[in-house]
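For reference, the structure discussed in these notes is given below.
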Amino acid sequence: MKNKITIMLNKFNVQKTDLFTRALILLLILNSCSEAPTSITISGQWQVKLDSTNIGNSQGWANNKFTGTSINLPNTLDGAEIGTPDTLKPAINNYVMSNLTVKVSIYW
């Protein structure tokens, strides 16, 4: 009798686990069929404040009303004439090549 009860309980646990697994798979399938997330645009006027001396945290810039230089996006700092202009010309030379880093995955 004890073996019969144990077998019945084991069968119930297997069915319970099987039901949970099926419900989980169904939930994952239904979730993957939902709409793609909508995108938002960040174009427009923004305030920019460069922190080259790294004092923004200590002065609590994020805690106060933020005032900076206005920039219209999409744009670059060079295009908006904010900060030091980039004077470097694109080049491939020994200096550039020596600073390149290659990360090799062990799964290759």
To the nearest 0.5 Å, what is the distance between CD1 (Ile55) and OG (Ser52)? 8.5 Å
Tell me, do Leu77 and Thr84 make a side-chain contact under 4.5 Å, heavy atoms counted? no
OG1 on Thr69 to NZ on Lys49, rounded to 0.5 Å: 9.0 Å
Distance, nearest 0.5 Å, that separates CD1 of Ile82 from OG of Ser70: 8.0 Å
Which heavy atom of Ile71 sits nearest to which heavy atom of Thr76, and what is that distance? CD1-O, 3.9 Å
With the side chain counted from C-beta on, respond yes when Trp46 and Asn72 share a heavy-atom pair under 4.5 Å apart, and no when they do not. no
Contact summary for Asn64 and Gly60, nearest pair of heavy atoms: ND2-O, 3.2 Å
So for atom CD, which belongs to Glu81, do other residues, nucleotides or ligands contribute more than 12 heavy atoms lying within a distance under 6.0 Å? no
Looking only at heavy atoms, which two atoms of Leu50 and Val48 are closest? And how far apart? CD2-CG1, 4.0 Å
Any donor and acceptor pair, going by atom type alone, linking the side chain of Asp51 with main-chain N or O of Gly56 inside 3.5 Å? yes
Test applied, side chain to side chain contact (heavy atoms under 4.5 Å, CB included); reference residue, Met97; option that passes from Asn94, Asn93, Leu100: Leu100
